[in-house]
Each structure stands twice: as structure tokens, then as C-alpha cells.
Student: 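Submitted below is the structure of interest, expressed as C-alpha cells.
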Amino acid sequence: MKILNLNVISKGRSIPWQFKVKRMINAGYVGRNLEEVKAHIEELKRYEIPPPSSVPMIFPILSHNITTESRIEVIGSKTSGEVEYVLLLSRENVFVGVGSDHTDRDLESQSIIKSKQICQNVISRDIWKYEDVKSSWDDLLIQSWVKASDKDEEILYQKASLGTIISAAEIMNLVKSKIIDGEEDGLVIFSGTIPTVTNEIIHGSYFRSELIDSRLKRSLTCEYQIKKLDYLKRGDKSE
């Protein structure tokens with residue numbers, strides 16, 4: 001079982017906390033404006049990414065496939081991050097982090113679900129109590145930056161308020177309605193993402209995401225380097 005070492009930030013205090021990940025779910029196509037979601041689906045056809053089976057879409061992710069580390073390894077050269085809010089459900093509380101659903105874009109053209117399993121989900125070490133931000137949820141700002149290569153400057157990649165995508169309450173209700181045995185303790189939910197401001201997918205070497213609470217003047221950050229596994233000599237063209 002994957003154990004995440006986190007810090008709960010609440011009322012000016014930072015409390016170390018361990019979360020045992022028992023299940024993990026990713027969501028997609030979560031925009032509140034359905035016309036914009038349809039436009040996004042059409043846009044993804046440029047990259048030969050098949051349309052979802054339902055909107056919004058949810059699917060299981062291998063429960064160990066999550067990290068708080070500042071570096072991840074990938075197989076393919078066309079991978080990219082996506083900023084998302086992250087919910088962690090325990091028996092007593094719900095917590096909120098910010099993270100990235102890193103994706104292999106080549107594999108995504110064959111299978112959305114498989115493209116999510118081959119890369120790790122990344123989450124911030126610091127998290128908030130959901131009850132602390134519940135009343136101002138739609139006003140929270142989520143954004144991300146990328147670097148196309150290590151030598152490049154950061155590029156603003158995504159930026160929007162949480163009011164543009166499915167709320168925490170809605171996504172929790174949706175997920176709970178789909179769980180066969182009703183077991184929610186140890187569940188991690190990645191929310192699905194927002195559109196890019198660049199109007200293109202950038203396959204970079206660095207990704208940073210941020211969730212901002214302007215009311216309480218605080219933020220959560222998740223950032224990491226992306227390292228392709230290319231340290232072996234290639235054999236034949238079939239590899």
C-alpha cells in the first residue's frame with residue numbers, strides 16, 4: 001500500500017500526516033460548460049485522441065502510481081502534465097491538494113486509461129482541509145507552468161478558477177455513485193483539468209502547478225522534473 005507523507009495546513013499550522021492510498025481515480029472532461037467540453041473533444045481529435053465514453057469520465061488508476069517527489073521517469077518522449085485539484089478521502093475528513101495527471105500522449109491515442117497508468121500522478125506535499133475552503137471553492141484559482149526544455153524559461157500553460165470545472169462535491173458524489181462496495185476510506189480523486197492557454201499540448205521537461213486561495217492568502221504547489229529513460233543504447237528498430 002502506498003503511503004504519502006503530507007503536511008496538513010490549517011489555521012496557520014502545519015501538521016505532518018500520513019495518508020494510506022487504497023484506491024485512486026482520475027476524472028476527465030470535467031468542464032461545467034458542456035459546449036466548451038465538446039469543443040475540447042473536437043480539438044483533441046487533432047492528436048488522434050478518441051472521444052470519451054461518457055462526460056465527465058472517471059476511471060481507476062493503479063493505487064501505488066502516485067508520488068510527492070520532485071522528479072518522475074517516463075518512457076515516451078511525448079508526455080505532459082495537467083494541473084488538477086486532488087481530493088483525499090479518509091473516514092474522518094476530506095483533504096485537498098494540487099497535482100498533475102501526467103500523461104503519455106502517444107499512448108493516449110490508443111487508450112486514454114492506459115496512457116494514465118504508464119505515468120505517475122504527482123501531488124503536493126502540503127494539503128488543506130476541504131472544510132476550510134468549501135465556502136469559497138469556486139473562487140480558488142488553479143494554474144500551471146511548463147518548460148519545453150531545461151534551458152527554457154517557464155511558460156504559463158493553464159489558468160482558471162475552479163468555478164469553471166466540476167466541483168469537489170459533484171465529483172465526490174459521482175465517484176461514490178460508481179463504487180460497487182461503497183468503500184471510500186483511502187480514496188484519492190484527481191479532478192480532471194482545465195484548458196491550456198497555449199492552445200497546444202507542450203511536451204516539456206518540467207511542470208509546476210499551483211492552487212491559490214486568495215481569501216486566506218495562501219497557495220499549494222506541486223512541481224517536478226520529467227526524465228525520459230534513455231540511458232541504454234537502442235537495439236533494433238523494433239524497440
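Just so it is clear, the structure is predicted and the values come from calculations on it, not from any experiment. Heavy atoms only: backbone and side chains are in, while hydrogens, waters and symmetry mates are out.
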Student: If the test is side chain to side chain contact (heavy atoms under 4.5 Å, CB included), which one of Val98, Asp213, Val8 qualifies with Trp128?
Tutor: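 Considering Val98, Asp213, Val8, a side chain to side chain contact (heavy atoms under 4.5 Å, CB included) with Trp128 is found only for Asp213.
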Student: Taking the side chain from Thr196 and the backbone from Asn199, do they hold a donor-acceptor pair closer than 3.5 Å?
Tutor: yes
Student: Looking at Asp185 and Arg91, is there a salt bridge between them, counting it only when a charged N and a carboxylate O are closer than 4.0 Å?
Tutor: yes
Student: Have Ser80 and Arg105 got a donor and an acceptor in their side chains that come within less than 3.5 Å?
Tutor: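 A pair is found: one side chain offers a donor N or O, the other an acceptor, under 3.5 Å apart.
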Student: Is the Tyr206-Trp145 ring centre distance short of 6.0 angstrom?
Tutor: no
Student: Assess the pair Tyr85 and Trp137: is the distance between their ring centroids shorter than 6.0 Å?
Tutor: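 Here the rings of Trp137 and Tyr85 have centres that are less than 6.0 Å from each other.
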Student: Using the rule given for side-chain contact (heavy atoms from CB on, under 4.5 Å), can you reason through Thr68 versus Asn5, listing the C-alpha separation, both sets of side-chain angles and the distance that settles it, and then say yes or no?
Tutor: CA-CA 8 Å; Thr68 58; Asn5 292 303; over 6 Å; no
Student: Where do Ile118 and Asp104 come nearest, in terms of heavy atoms and distance?
Tutor: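 In terms of heavy atoms, the two residues are closest at CG2-CB, 3.6 Å.
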Student: How long is the span from the NZ atom in Lys151 to the OG atom in Ser205, to the nearest 0.5 Å?
Tutor: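 Taking NZ in Lys151 and OG in Ser205, the distance rounds to 11.0 Å.
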Student: Counting the benzene-type ring for Trp, do Phe19 and Trp17 have ring centres under 6.0 Å apart?
Tutor: yes
Student: Checking side-chain polar atoms at under 3.5 Å, does Asn121 have a donor or acceptor matched by the opposite partner on Asn26?
Tutor: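 Per modelled atom types, Asn121 and Asn26 side chains form a pair under 3.5 Å.
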Student: How about Glu200: does its CD atom have over 12 heavy atoms from other parts shown lying under 6.0 Å from it?
Tutor: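 It does: Glu200 CD has more than 12 such atoms within range.
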Student: Measure from the side-chain N and O atoms of Gln117 to the backbone N and O of Pro60, and report whether any donor-acceptor pair falls under 3.5 Å.
Tutor: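 Flag set: sc Gln117 to bb Pro60 pair under 3.5 Å.
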Student: Is the shortest distance from a Lys or Arg side-chain nitrogen in Asp138 or Arg32 to a carboxylate oxygen in the other one below 4.0 Å?
Tutor: yes
Student: Using 4.0 Å as the upper bound for N to carboxylate O, is an ion pair formed by Asp101 and Lys116?
Tutor: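 Looking at Asp101 together with Lys116, the answer is yes, because their closest N to O distance falls below 4.0 Å.
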Student: Which pair of heavy atoms, one from Thr193 and one from Val83, lies closest together, and at what distance?
Tutor: OG1-O, 2.7 Å
Student: Looking at CZ of Phe59 and CD1 of Ile25, how far apart are the two atoms once the value is rounded to the nearest 0.5 Å?
Tutor: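 With rounding to 0.5 Å, CZ (Phe59) is 10.0 Å from CD1 (Ile25).
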Student: Could you tell me whether Lys176 atom NZ has more than 12 heavy atoms of other residues or ligands within 6.0 Å of it?
Tutor: yes
Student: My understanding is that only residues two or more places apart in sequence, or in another chain, count here; which of them pass ring-ring contact (aromatic ring centres under 6.0 Å, His included) with Tyr224?
Tutor: His102, Phe207
Student: So does Glu184 pair up with Lys22, basic N to acidic O under 4.0 Å?
Tutor: no
Student: If every non-hydrogen atom of Gly99 is compared with every non-hydrogen atom of Ser209, which pair is closest and at what distance?
Tutor: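 The pair with the smallest heavy-atom distance is O-OG, 3.6 Å.
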Student: Can you tell me how far apart CD1 (Ile180) and NZ (Lys178) are? Round to the nearest 0.5 Å.
Tutor: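 Answer for the CD1-NZ pair, Ile180 versus Lys178, is 10.5 Å.
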Student: Could you tell me whether Glu183 and Arg23 make a salt bridge, using a distance below 4.0 angstrom between a side-chain N and a carboxylate O?
Tutor: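 Between Arg23 and Glu183 there is no salt bridge, as every charged N stays at least 4.0 Å from the carboxylate O atoms.
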Student: Mind checking the NZ-SG spacing from Lys114 to Cys119? Nearest 0.5 Å is all I need.
Tutor: 14.5 Å
Student: Please report the closest heavy-atom contact between Gln143 and Ile212, naming both atoms and the distance.
Tutor: NE2-CD1, 3.0 Å
Student: Could you check whether any side-chain heavy atom of Thr198 comes within less than 4.5 Å of a side-chain heavy atom of Ile155, counting everything from C-beta outward?
Tutor: yes
Student: Heavy atoms only: give me the nearest Ser115-Thr103 pair and the separation to one decimal.
Tutor: OG-CG2, 3.6 Å
